[in-house]
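Throughout, residue positions are numbered sequentially from 1 according to the sequence presented. Side chains are part of it too, since the values below use all heavy atoms of this structure and drop only hydrogens, waters and symmetry mates.
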Amino acid sequence: MAEEFEIADEGVEKVDEMQVDEEELDHIADTAIALLEDIFKYFDLGEVTIDEYEGDEGELILDITGDDMAVLIGRHGRTLESLQFLVSAITMRKIGYRYPVVVDVEGYKTRQREKIESIAVSTAKKALSSGRPMKIRPMTPYERRIVHIRLREFDGVETESEGEGANRHVVVRPL
């Protein structure tokens with residue numbers, strides 16, 4: 001059973017992504033990359049490359065490539081989720097404010113995102129054709145966010161998260 005964690009952010013300023021300049025973005029990337037490199041010392045990963053780029057939603061994406069990266073992804077992406085949580089939480093504490101940092105391994109999250117977006121659109125079409133709300137399987141907070149963002153611009157439906165803990169899921173309702 002997957003656990004969901006909340007990052008305690010008392011005393012951490014929330015900053016709009018658009019307010020961060022290039023120099024500050026470089027500082028955020030350097031902080032997160034140094035943290036990843038420290039974590040990798042405990043794995044037998046061989047040669048690792050970390051590419052950084054800005055995502056569609058203004059987030060900083062760190063894509064890790066190398067030999068035998070499956071150990072960083074883990075079963076159903078659980079190890080990668082944990083790595084994501086650690087890097088986000090510690091980076092947020094070190095820089096003093098919240099800025100979205102996404103850790104990916106060889107495009108795994110990109111492929112997963114495409115699958116989730118496809119599920120979201122398919123569910124929205126079913127909700128529209130049936131005229132009834134449709135539930136999507138339970139998802140992590142990151143996956144639910146992808147659904148909400150993707151369907152934000154889909155005419156005729158609205159989304160809402162329901163449930164608790166590992167059973168939290170998105171409901172797509174026709175308008």
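Counting heavy atoms from C-beta on, the side chains of I149 and R145 come closer than 4.5 Å. By the 4.5 Å heavy-atom criterion applied to side chains, L175 and D155 are not counted as neighbours. At a threshold of 4.5 Å between non-hydrogen side-chain atoms, the residues M139 and I116 count as touching. Side-chain contact between V147 and R150 is absent, with no heavy atoms from C-beta onward closer than 4.5 Å. At least one side-chain heavy atom of E52 sits under 4.5 Å from a side-chain heavy atom of L62. For the pair M69/V48, a side-chain contact is recorded, criterion being any heavy-atom separation below 4.5 Å from C-beta on. With contacts defined as side-chain heavy-atom distances shorter than 4.5 Å, the pair E24/Y99 does not qualify.
The structure places CD of E114 at 10.5 Å from CD1 of I146, a figure rounded to the nearest 0.5 Å. In this structure, I61 CD1 and K109 NZ are separated by 9.5 Å, a value rounded to the nearest 0.5 Å. Considering CG of L25 and CD of E23, their distance stands at 11.0 Å, rounded to 0.5 Å. Between the CD1 atom of I95 and the CD1 atom of I28 there is a distance of 4.0 Å, given to the nearest 0.5 Å. Here the CZ atom belonging to F40 is positioned 5.0 Å from the CD1 atom belonging to I50, to the nearest 0.5 angstrom. A distance of 4.5 Å separates CG in D104 from OG1 in T110, rounded to the nearest 0.5 Å.
The two residues L151 and V157 come nearest to each other via the heavy atoms O-CG2, 4.4 Å. The shortest non-hydrogen separation linking R168 to S161 is NH2-CB, 3.5 Å. Across L128 and P174, no two heavy atoms sit closer than the pair CD2-CB, 4.3 Å. Between P133 and V171, the shortest heavy-atom contact is CB-CG1, 3.9 Å. In terms of heavy-atom proximity, F154 sits nearest to K125 at CZ-CG, 3.9 Å. When every heavy atom of L60 is checked against every heavy atom of A29, the shortest pair comes out as CD2-CA, 3.5 Å.
Salt-bridge annotation for E81 and R78: present, with a side-chain N of the basic residue lying under 4.0 Å from a carboxylate O of the acidic one.
Side chain of R152 to backbone of T159: no donor-acceptor contact under 3.5 angstrom is found. Checking side-chain atoms of D63 against main-chain N and O of G107 turns up a donor-acceptor pair under 3.5 Å. Of the possible donor and acceptor atoms, one in the side chain of S129 sits under 3.5 Å from a partner among the backbone N and O of K126.
Remark: Y53 OH is packed, more than 12 non-hydrogen atoms of other residues, nucleotides or ligands lying under 6.0 Å away. Other residues, nucleotides and ligands place more than 12 heavy atoms under 6.0 Å from the CG atom of D38.
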Practice problem: For salt bridge (Lys or Arg N to Asp or Glu O under 4.0 Å), just list the numbers for E162 and R173, CA-CA rounded to whole Å, side-chain angles, deciding distance to a tenth of an Å, and then say yes or no. | Solution: CA-CA 12 Å; E162 293 182 354; R173 289 188 172 79; 2.8 Å; yes
Quiz prompt | side chain to side chain contact (heavy atoms under 4.5 Å, CB included) between T79 and V71, worked out | solution = CA-CA 8 Å; T79 304; V71 70; over 6 Å; no
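R113 pairs by the side-chain hydrogen bond (donor to acceptor under 3.5 Å, both in side chains) definition with E117, not counting sequence neighbours.
Of the residues listed (I33, V101, T31), the one engaging V87 in a side chain to side chain contact (heavy atoms under 4.5 Å, CB included) is V101, and it is the only one.
Residues L36 and I90 are members of one and the same hydrophobic cluster, defined by side-chain heavy-atom contacts under 4.5 angstrom among Ile, Leu, Val, Met, Phe, Trp and Tyr.
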